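Please read the structure below before turning to the comments.
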Amino acid sequence: MRHLLLLLILAALSPVPLPAQERAAEPQAGPAVEGAAGAGQAPMGEVPAAPDAAPAASEPAPAAGEPEAGEPTDPGAAVAPAAQPQEDTPQEGGAEPAGTERPAAEPAPPAGSPATPEPAAEPDPGEARVVGPSDDPDAAEGSSTRVPLAEIRRYVAVFNAIREAYVEPVDDRELMQSAIRGLLLDLDPHSAYLEGDAAEAFDESTSGAYAGIGVEVLQLPEGSLRVVAPIDDTPAERAGIRSGDTIVAADGVTFTPSSHDGAGPLRGEPGTSVVLTVLREGAAEPLEIPVERQIIRVASVRGRMLEPGYAYIRIAAFQVDTAAEFQRTLRELQADGPLRGLVMDLRSNPGGLLTSAVQIADDLLDAGAIVSTRGRISISDAEFSATPGDLLDGAPVVVIVDAGSASASEVLAGALHDNGRARIVGSRTFGKGSVQTVLPLDNGDSVKLTTARYYTPSGRSIQARGIDPDVVLEAEDRPARLAGEYSEAALPGHLRGDEEALPGDNAGEVLDGDGPIDAALAELKHPTPGPQPKAAPSVANASR
């Protein structure tokens, strides 16, 4: 976060003069900008910051020559943008950046007067200098917040070079937006700046109601959208959008990173249509798929009886009320008597709110760890453990997963498996083992920042590896080349995982149809002694 605030306070610095060019007016720090979040996306594994975190008070820009204020290091507090600096009047010959020491000629002191202290030695121009924290106790936290002054100078030089010499005029605010977006875009595929509409769209996605096509996506660096999963019974699923598809254009307009500013092209007024250009593995040409936007009200949990004593519960995503829906659905299935077993279907579940996944794990565990998170700072470290009470009274559970199962769904599967509470059937999961914390800003925008990694109760990292099933199912009609290409580890710029390089990684496949449900029911009745590769019967794309 210190880099985010750094860019917003840069306008307080006088720009470095460029050779053979006049000094331009000071850049103004524009409002915070939108990030590169996929439109129509329900983010995976997000942990909203505490809603009562108070925004930090804006501090006035420091005067020239004064040290910059260090930012607070508490990541749980909302971050306020720097105060809007006033534009300086250009001076003849240019001015040096704030914080640059420049000795002035002083007259010799009169005889008998106290000696003038010797000025500090001028630092080597090539030496990396830092901006220390100010004396303001509300802003300074210590030397850990220092930022190299040389990096600030470099940014100001590039900013001015673009503004003064680019072939066409560029608005200062647009430049600042691009800079802030770039800070987050190159970190990992899941960190993003959410401006206004995008932040609101995020909140809508986790609440389960929004206007769009109903698809979970990840934005790739060039702007295209990788489909994690279409949401059950939505326009995207009915139109034939599949997990693993790559959406490259809407209505003939090719996506770029800026295409997804705000709500993005997939969202829109209910009843309007959009034609998506889709790249699909095995298809010789791009597909043109028309989809009508609707109000997406996602029922994240649904259930039915497979046969007497054996129940099936499908969890499509983890939203605010998913845990309560799970409990209600399970009670309805138990109305005619205790269950002998439960099939829990997490296929193509892209995740969602971690707290919902933890609550469902707690509902099925009497004791034991559920998940832990570890980050660079102590506030990112957390452990979740089960409390007494198993809603199934020990009846066996089989969980179905595939390559579209990500984040919170991997947390739930890992918790039940490592505690010996469930067997895992299906294909290796997506491998999104990172936590995104949503930090609200006082202007209505938000920063979605990767702050920690998930670890299962056994201490294994999910990141870029995923959950390995006990019984492996193979899709019969999927191109073999797709295996290994649809995973967190295949995303450019992904965080490295502890077990990413182990043999057999990234082998997940997307499993459609009722075949995996039949295999899970068979596993409930007659558990296999250990992990044994096994082809799922009649695994097909019937639901498409």
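For reference, positions follow the sequence shown, starting with 1. Remember, predicted model here, so these are calculated numbers, not experimental data.
Residues Ile424 and Val401 form a side-chain contact, since some pair of their non-hydrogen atoms from C-beta on lies under 4.5 Å apart. Within the 4.5 Å cutoff, side-chain heavy atoms of Leu330 are placed close to those of Leu392. Side chains of Leu287 and Thr277 form no contact here, defined as non-hydrogen atoms less than 4.5 Å apart. A 4.5 Å side-chain heavy-atom check between Thr246 and Leu225 finds every atom pair outside the cut-off. Val438 places none of its side-chain heavy atoms less than 4.5 Å from the side chain of Val447. Side-chain contact between Met305 and Leu339: present, with at least one pair of heavy atoms (C-beta onward) separated by less than 4.5 Å. In this structure, the side chains of Val425 and Val472 stay at 4.5 Å or more apart for every pair of heavy atoms. In this structure, the side chains of Val291 and Pro235 come closer than 4.5 Å at one or more pairs of heavy atoms.
When atom types are taken as modelled, the side chain of Asn419 and the backbone of Leu365 share no donor-acceptor pair closer than 3.5 angstrom. Between the side chain of Thr373 and the backbone N or O of Ser380, at least one donor-acceptor pair lies under 3.5 Å. Judged by distance alone, the side chain of Glu523 and the main-chain N or O of Ala519 form no donor-acceptor pair under 3.5 Å. Although no hydrogens or angles enter the test, the distance criterion places a donor-acceptor pair under 3.5 Å between the side chain of Asp418 and the main chain of Ser458. In this structure, the side chain of Arg374 does not engage the main chain of Asp381 through any donor-acceptor pair within 3.5 Å.
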With side chain to side chain contact (heavy atoms under 4.5 Å, CB included) as the test, would you mind laying out the steps for Arg465 and Arg428 before giving the verdict? CA-CA 8 Å; Arg465 172 72 185 190; Arg428 181 170 294 158; 3.0 Å; yes
Show your reasoning for whether side chain to side chain contact (heavy atoms under 4.5 Å, CB included) applies to Leu346 and Val399. CA-CA 7 Å; Leu346 300 180; Val399 177; 3.7 Å; yes
Verify side chain to side chain contact (heavy atoms under 4.5 Å, CB included) between Glu488 and Gln463, making sure each step is shown before the conclusion. CA-CA 8 Å; Glu488 173 80 9; Gln463 177 61 21; 3.3 Å; yes
Taking it one step at a time, do Ser300 and Phe326 satisfy side chain to side chain contact (heavy atoms under 4.5 Å, CB included)? CA-CA 9 Å; Ser300 59; Phe326 174 80; over 6 Å; no
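In summary, Asp366 and Arg421 do not engage in a salt bridge, as defined by a charged side-chain N under 4.0 Å from a carboxylate O. A salt bridge links Asp468 with Arg460: the closest approach of a Lys/Arg side-chain nitrogen to an acidic carboxylate oxygen falls below 4.0 angstrom. A salt bridge links Lys525 with Glu307: at least one charged nitrogen is closer than 4.0 Å to a carboxylate oxygen. Between Asp245 and Arg226, none of the side-chain N atoms (NZ, or NE/NH1/NH2) sits under 4.0 Å from a carboxylate O, so this pair counts as no salt bridge.
Under the 3.5 Å distance criterion, with hydrogens and angles disregarded, no donor-acceptor pair is assigned to the side chains of Ser356 and Thr322. If you check the side chains of Ser434 and Gln436, you find a donor sitting under 3.5 Å from an acceptor. Side-chain atoms of Ser405 and Glu410 form no donor-acceptor pair, as typed in the model, at a separation below 3.5 Å. Counted by atom type alone, Asp188 and Thr450 present one or more donor-acceptor pairs between their side chains at under 3.5 Å.
Residue pairs meeting the salt bridge (Lys or Arg N to Asp or Glu O under 4.0 Å) criterion with at least one member in residues 398-409: none, sequence neighbours excluded. Residue pairs meeting the salt bridge (Lys or Arg N to Asp or Glu O under 4.0 Å) criterion with at least one partner in residues 333-362, sequence neighbours excluded, are Arg314-Asp345, Asp345-Arg347.
In terms of heavy atoms, Pro350 sits closest to Ala316 at CD-O, 3.5 Å.
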